[in-house]
Amino acid sequence: MKIILVLLGTLLLALPLVTIAVRRLTGAPARRALLGNVAMFFGLFLLTSVAGLTGAFAAAPEAASAAQAASSGGLAEGLKYIGAGLAVGLSGIGGGIAVAASASSALGAISEDEGMFGKSLIFVGLAEGVALYGLIIALVLLFVS
């Protein structure tokens with residue numbers, strides 16, 4: 001059973017590459033390739049969810065009891081890791097959006113007046129700082145609390 005699930009997961013990971021190759025050869029519209037990629041992603045997501053919930057990839061009982069004894073933190077420990085991941089992920093997305101907007105505006109300002117380089121560099125640096133603040137919060141969550 002495990003081998004079938006691993007092969008199915010590998011197939012679902014490789015099929016988007018096949019759809020891209022077929023699209024290039026046939027000149028099919030990108031919409032089909034995008035729908036295929038989305039379908040493969042959700043198929044793989046469903047496969048891993050079912051495998052995780054049913055215990056298809058569960059460890060042996062003695063290894064599971066040892067792992068449970070080692071992770072005695074419980075719910076608070078898990079929520080700490082989820083909070084750290086959310087802090088890094090959301091601040092990274094926000095920083096990327098901010099840098100995209102400020103960097104393109106900065107390039108436009110520099111192309112008109114080269115004296116604006118220093119001011120525009122400050123604004124782009126401030127936008128990048130958002131992602132660093134999220135990383136600092138995640139490190140505080142993981143190692144200080």
Side-chain angles (χ1 to χ4, degrees), residues 1-64 66-68 70-71 73-143:
M1 180 68 174
K2 288 182 185 180
I3 293 174
I4 294 171
L5 288 176
V6 170
L7 289 176
L8 185 61
T10 306
L11 180 70
L12 287 174
L13 281 175
L15 277 178
L17 299 175
V18 173
T19 59
I20 291 170
V22 168
R23 186 183 63 83
R24 282 192 165 197
L25 291 175
T26 61
R31 183 174 178 187
R32 282 187 181 177
L34 178 64
L35 291 176
N37 286 334
V38 169
M40 296 307 153
F41 171 77
F42 283 114
L44 187 61
F45 179 75
L46 183 66
L47 174 73
T48 55
S49 299
V50 168
L53 292 176
T54 60
F57 295 125
E62 61 272 356
Q68 186 178 12
S71 65
L75 181 64
E77 187 77 16
L79 288 176
K80 181 171 73 169
Y81 289 119
I82 289 173
L86 283 173
V88 170
L90 294 177
S91 67
I93 291 171
I97 292 170
V99 167
S102 64
S104 65
S105 300
L107 285 174
I110 291 170
S111 67
E112 290 180 9
D113 181 17
E114 293 180 7
M116 297 293 290
F117 178 75
K119 292 179 185 177
S120 61
L121 189 63
I122 291 172
F123 286 116
V124 174
L126 287 173
E128 290 177 4
V130 173
L132 291 175
Y133 292 139
L135 179 64
I136 290 169
I137 294 299
L139 291 175
V140 167
L141 278 174
L142 291 177
F143 298 114

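Counting begins at 1 with the first residue of the sequence. These numbers were taken from a predicted model, which means no experiment stands behind them. Worth knowing before you read on, the calculation uses all heavy atoms, side chains too, and leaves out hydrogens, waters and symmetry mates.
Sequence neighbours left out, the pairs with a member in residues 81-103 that pass side chain to side chain donor-acceptor pair (under 3.5 Å) are Glu77-Tyr81.
Interatomic distance, CD1 of Ile110 versus NZ of Lys119, reported as 12.5 Å (0.5 Å rounding).
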Can I get a per-line list of side-chain donor-acceptor pairs under 3.5 Å for residues 133-142, giving both atom names and the distance, sequence neighbours left out?
none

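Here Leu121 pairs with Phe117 under the side chain to side chain contact (heavy atoms under 4.5 Å, CB included) rule; sequence neighbours left out.
Taking all atoms of both residues into account, the shortest heavy-atom contact from Val124 to Ala106 is CG2-CB, 4.1 Å.
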